2 protein chains.
Amino acid sequence: MSVSVAANDSRVLLRLEEFLPYRLVILSARTSNAVARIYAERFQLTIPQWRIIATLGQYPVCTGRDIALHGMMHKSTVSRAVAALVKRGLLRKEPNAYDMREEHLRLTDEGRAIYEAVVPQARAFEEEITAAFDPAERKEFIRLIEKLDAHTRKLAPDHDPDA
Amino acid sequence: MSVSVAANDSRVLLRLEEFLPYRLVILSARTSNAVARIYAERFQLTIPQWRIIATLGQYPVCTGRDIALHGMMHKSTVSRAVAALVKRGLLRKEPNAYDMREEHLRLTDEGRAIYEAVVPQARAFEEEITAAFDPAERKEFIRLIEKLDAHTRKLAPDHDPDA
DNA sequence: CACTGTTCGTTGACAGTGCAACCAATCTGC
DNA sequence: GCAGATTGGTTGCACTGTCAACGAACAGTG
């Protein structure tokens, strides 16, 4: 801030660097960019694509709707990302005979291989960043994050349009 | 996840809901969306636009470059947001006689009025979310966030292209 | 059976963003 | 002073995400 000569002396002043929502954004952007590099560079996956693979790695069969809810994504985002993954052969769509509106999604072997290649690296990265903490701090941080998460979820329910 | 019948039984498994980077993204998205509503609905400001106003509220005179660094934004993002704000009369550009490449930016009275209208609401919102904590927890949370922030900054330096 | 309302998924239009190329002003070394 | 490198800022382009509208498949009602 080379140019600024003095801070605002008004009573109304917000220090952005100390504003919690801003801090969270910065922190999450940095970590999430770093994680994205893991699967973006080596496997050419976008963030929504990775989230879909991650969800299907965890729950082998889902509908698009399930994935959208689980990954906080818009259904159109999911739709396009799924299309791209199917085209690349990482995902398969299977019609659901009991409800022809929805389609069951499942990883192909190739898709699962990517999942299994990325997961250990993601885990390692998580280790790396939480190495900032000693064990007690780490546990406490998780606890506080959970508490904050639950609280904000009540305050600002994730806007669910119809998704 | 109505359809999934069983969790993956492979040794390679990542629980997305417990993956720290993912949690941070979700948490920060929710809080930052809630904050955005404050200035988006009433004042039609985008996030970069608000960050610029917030920076100039704190440091009355800056260059675009200063703002980009301070707010973790790309210089093109700043350039466009500044243009929009100037057009709306919330910001003024002033040539710097000592270096004609850069332009000094300053809030107009109208711009400052918006800043002063938003800040108390932003503060109030911060209060609201940290109400999840008792005073000791709040202090500890800030401390841990700072520690994590410092650590990740070393690990994954904010990609600075030339900005 | 229609008739209405809802849900899953796709698609077109649109806005915001990042990247890269670019211009103009400045600085550096010769 | 001049050539080349550097820096602040703008802009064209491609890419994504969001929103709104839509078609198709269900579910409930009379």
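Naming convention: chains lettered A, B, ... in sequence-line order (proteins, then strands); numbering from 1 in each chain. This one's a predicted model, so the numbers in the text were calculated from it and none came from an experiment.
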Protein-nucleotide distance ([X], atom [atom1]; [N], atom [atom2]), rounded to Å:
| X | N | atom1 | atom2 | value |
| --- | --- | --- | --- | --- |
| B/Q44 | C/dG16 | CD | C1' | 16 Å |
| A/M100 | D/dA27 | CE | P | 13 Å |
| A/H74 | D/dA20 | NE2 | P | 8 Å |
| A/M73 | C/dG9 | CE | C1' | 14 Å |
| B/L45 | C/dA15 | CG | P | 17 Å |
| A/E103 | D/dA24 | CD | P | 14 Å |
| A/K75 | D/dT16 | NZ | P | 21 Å |

Q. Would you say A/T130 and A/I142 make side-chain contact, with heavy atoms under 4.5 Å?
A. no

Q. Are the side chain of A/T108 and the backbone of A/L90 linked by a donor-acceptor contact shorter than 3.5 Å?
A. yes

Q.
So does B/L16 get a backbone contact from the side chain of A/Q58, meaning a donor-acceptor N/O pair under 3.5 Å?
A. yes

Q. Any ion pair linking B/R143 and B/E146 (charged N to carboxylate O, less than 4.0 Å)?
A. no

Q. Less than 4.0 Å between a side-chain N and a carboxylate O, is that true for B/E110 and B/R92?
A. no

Q: Select from A/I47 and A/Y98 the residue whose nearest nucleotide in DNA chain D is closer to the 5' end of that strand.
A: A/I47

Q. Got a sec, which residues hit side-chain contact (heavy atoms from CB on, under 4.5 Å) with A/S32, two or more places apart in sequence or on another chain?
A. B/V25

Q: Name all residues meeting the side-chain contact (heavy atoms from CB on, under 4.5 Å) criterion together with B/D134; count only those two or more places apart in sequence or in a different chain, and write none if there are none.
A: B/A136, B/E137

Q. Between B/R65 and D/dG8, does any side-chain N or O lie under 4.0 Å from OP1 or OP2?
A. yes

Q) OP1, OP2 of C/dG18 versus side-chain N and O of B/T77: anything below 4.0 Å? A) yes

Q) When you match B/P48 and B/A97 each to their closest nucleotide on DNA chain C, which lands nearer the 5' end? A) B/P48

Q: Classify the side chain of A/R80 and the base of C/dG12 as holding, or not holding, a donor-acceptor pair under 3.5 Å.
A: yes

Q | Heavy-atom donor-acceptor pair, A/R101 side-chain to D/dG23 base, under 3.5 Å | A | no

Q: Go through D/dG17, D/dT11, C/dG9 for me and flag the one nearest to the A/E102 side chain.
A: C/dG9

Q. Taking DNA chain D as the partner, which of residues 83-94 of chain A come within under 4.0 angstrom of it by heavy atom?
A. none

